[in-house]
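Down below is the structure, laid out as structure tokens.
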Number of protein chains: 2
Amino acid sequence: MNLSERKKRILRAIIESYIETAEPVGSKAIADCIGMEVSSATIRNDMADLEAMGLLEKPHTSAGRIPSSKGYRLYVNELMEEHKLSLQETQRINQALHLKMQELDRVLDQAGRVVSQLTNYPSFSLSSGMERVTVRRFDLLMVELNAFIIVVMTDTNVVRNRLIRLPSDLTQAQLQMLNTLLNTTFTGLTLEEITPELMRVAQHAAGEAYGLISLVVSFAIEVLESLEHRTVRTAGLAHLLELPEYRSLERAQPLLSYLSEENDAARFPVPKDDPMRILIGPENVADALKDTSVVMASYDIGEGMRGVIGVVGPTRMDYAKITARLSYLAEGLSKLFGQGQLPGGKDEET
Amino acid sequence: MNLSERKKRILRAIIESYIETAEPVGSKAIADCIGMEVSSATIRNDMADLEAMGLLEKPHTSAGRIPSSKGYRLYVNELMEEHKLSLQETQRINQALHLKMQELDRVLDQAGRVVSQLTNYPSFSLSSGMERVTVRRFDLLMVELNAFIIVVMTDTNVVRNRLIRLPSDLTQAQLQMLNTLLNTTFTGLTLEEITPELMRVAQHAAGEAYGLISLVVSFAIEVLESLEHRTVRTAGLAHLLELPEYRSLERAQPLLSYLSEENDAARFPVPKDDPMRILIGPENVADALKDTSVVMASYDIGEGMRGVIGVVGPTRMDYAKITARLSYLAEGLSKLFGQGQLPGGKDEET
DNA sequence: TTTAGCACTCCAGAAGGACGAGTGCTAAAT
DNA sequence: ATTTAGCACTCGTCCTTCTGGAGTGCTAAA
């Protein structure tokens, strides 16, 4: 893909103009750009070449050209200049990050909302599920004679709890025994390792309180499952409708439905290593995203977990601006979680 | 508002036809209904009367009539027949409720989604904040020398926790002392009663560990605050676009934006006593809802709290069907929470 | 009080046409 | 060899016009 310098400039001008206006770009408009010293006819010729290379497209014979996915890809890879964040923007992001936010969930909600406001595109965010999480310790706290609290802490430092009421009373000694039994039998095990077999053995050992074992362990299983389970949240869906390409309901509706559908995290790929990933048009797997672009940044949640935050928009999105903002935010999130600036470190609740 | 029997039947026929088709209804269409033995001219006369009473409107001279808000109101109050749920529908709702759902949040998410799917309208749900919540007990669990878990349980049986890491080590005895101090000083107090004054006294009493007091207490304050704070969630926004009245973006966009805006619970009124409430068109306070109707049902979360779940749609919504489904679901939720069918009673996490 | 008939209103959708932006090609110019 | 000017052609957009039909209100008869 060797392009003359002029063709590159033309391609870039077309893409940037189209990004801004969403209107096909004609040869005349490009010729009028300052810094373009050739005539529109020359540009027409070059445009024809660019089209032959698959970098541009014509909506119809006598409209201007619009970039193809391939064109955007080239732009993103080679032509795009880095966007500098304005002071305002960094302030906005910092402010969002520095809200006293306690829970992972809330932080991500907030982050998603900020991204959406900042970019005027719908945003999504998800945290990658953890694998092979195990329970590190159980604590049982007696509340009343017939109620106690289970506290489960995982090896990833997540702590969760549940209040349990019982039909019958319980002694402190029983609880103590149960506690020890749980901690010796069920700690350090992954989901798969907690077998019915093991349960039976433990229940046998628990004597009278055998029913409680399954109560507590099934709570632990819930916790482990919920940690492996990834959830997606979206924000700012309504921004979609502000875009000229989604003025017609036929286009907007399927995409909107897709984005607001049951949050199946599997639909969003989690980039393993790249901190920033851009999927343009047909590069997306999901049909509903075939004519949209997705830009996403991943960040470190600590404990080996990663999260992803990104935006969805028309292929003509302002990649430069958006990548800049996203990566700045993602870095902020990484710092927030990874380095334990959160009061109390990397723990989280829910 | 005394209407002849025939006029009532005509009004009802018009409203039900309009609910179904979203098209203005003409006199001929009504006359053709089985059970209407009079001619279209007669019906025209009656329709003119109904219009004069403000129950019907004309979009323009030669379209049929459409119901006015006042017309809908009359319909809802007097004319509407109770809708029977089909077996399918009840099964669907029951199934949604009987999923093993642990956390209040997830239950409500799920309920909102089910309502939206069941009605094909966007749904919202919110739980009323609690007032005057107090901490019932603190537990501090030592994890490592420089880390411990705070467990806070409120008088409303909500239990939350947080992992705290310390820059320096800590002895079991210190933690024990702290625990006792917290439980004697800060339990049974509402947010307002936890004064800086009190904090100072406690810090003084804590000696060396005085810094920890504020850590733990501020966590407790966060918990109490989050319980007083109401949140709204929405689901199925995309359904809006399926409706003929929101085919034009100009109509859909403001409403969609409004619904997906920052979740300010204040925007949704929580009906105090009515289990079911219907707001038709201009009866809504919010401008964005002026030509929509809101149907909501409230349910008991237990511990004196109430939640609300509802749908938003065009004024021509099928009130009969929707109220039936909502109230069935709300009853289910009440049972679920109020009677403690949730494993472990009324506790919840997050 | 109800009905049939009729003139009138007004929207929706089709059809036609002018406009204009943009193209590709050719031939001249550099 | 590349660039430019000129020109005919294409094709979507916008505007106008027109027509059909659904629905109304009114009047007069049943």
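Just so we're on the same page: letters track the sequence lines, and every chain starts at 1.
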Subject >> Spacing of CG belonging to B:Leu240 relative to CD belonging to B:Glu245, to within rounding of 0.5 Å >> reply: 9.0 Å
Subject >> Modelled atom types, side-chain donor and acceptor of B:Tyr75 and B:Glu16, under 3.5 Å >> reply: yes
**OP:** Can you check each nucleotide of nucleotides 21-30 of chain D against protein heavy atoms at under 4.0 Å and return B for base, S for sugar-phosphate only, - for none, in 5' to 3' order?
**Re:** -BBBB-----
Original post:
Where the side chain of B:Arg6 is concerned, which of C:dT2, C:dT3, D:dA5 is the nearest nucleotide?
Top reply: C:dT2
Subject >> Reported CE-to-CZ distance for the pair A:Met296 and A:Phe124, which is rounded to 0.5 angstrom >> reply: 5.5 Å
**OP:** Side-chain contact test, heavy atoms from C-beta onward, threshold under 4.5 Å: evaluate it for B:Leu3 versus B:Met53 and give yes or no.
**Re:** yes
Subject >> Atom pair distance, as rounded to whole Å: CD1 in A:Ile10 and C1' in D:dT3 >> reply: 12 Å
Original post:
Hey, is the side chain of B:Ser39 poking within less than 4.0 Å of OP1 or OP2 on C:dT2, counting only N and O atoms?
Top reply: no
**OP:** Kindly compute the distance separating CG (B:Asp318) from OG1 (B:Thr119), expressed to the nearest 0.5 Å.
**Re:** 10.5 Å
Original post:
Looking at B:Tyr72, B:Tyr319, B:Tyr121, which one forms a side-chain hydrogen bond (donor to acceptor under 3.5 Å, both in side chains) with B:Ser293?
Top reply: B:Tyr319
Original post:
Can you check the A:Asp32 CG to D:dT4 P distance for me, whole Å?
Top reply: 13 Å
**OP:** Could you state the atom-to-atom distance from NE2 of A:His60 to P of C:dG20 in whole Å?
**Re:** 16 Å
Original post:
Is the closest basic N to carboxylate O distance between A:Arg316 and A:Glu20 below 4.0 Å?
Top reply: no
Original post:
Tell me: CZ of A:Arg247 to P of D:dT13, nearest whole Å?
Top reply: 15 Å
Original post:
Dot-bracket for DNA chain D, 5' to 3', counting Watson-Crick or G-U wobble pairs under 3.5 Å, with [ ] for crossing pairs and | for inter-strand pairs?
Top reply: ||||||||||||||||||||||||||||||
Subject >> Pairing of A:Glu57 and A:Arg65 as salt bridge, 4.0 angstrom limit >> reply: no
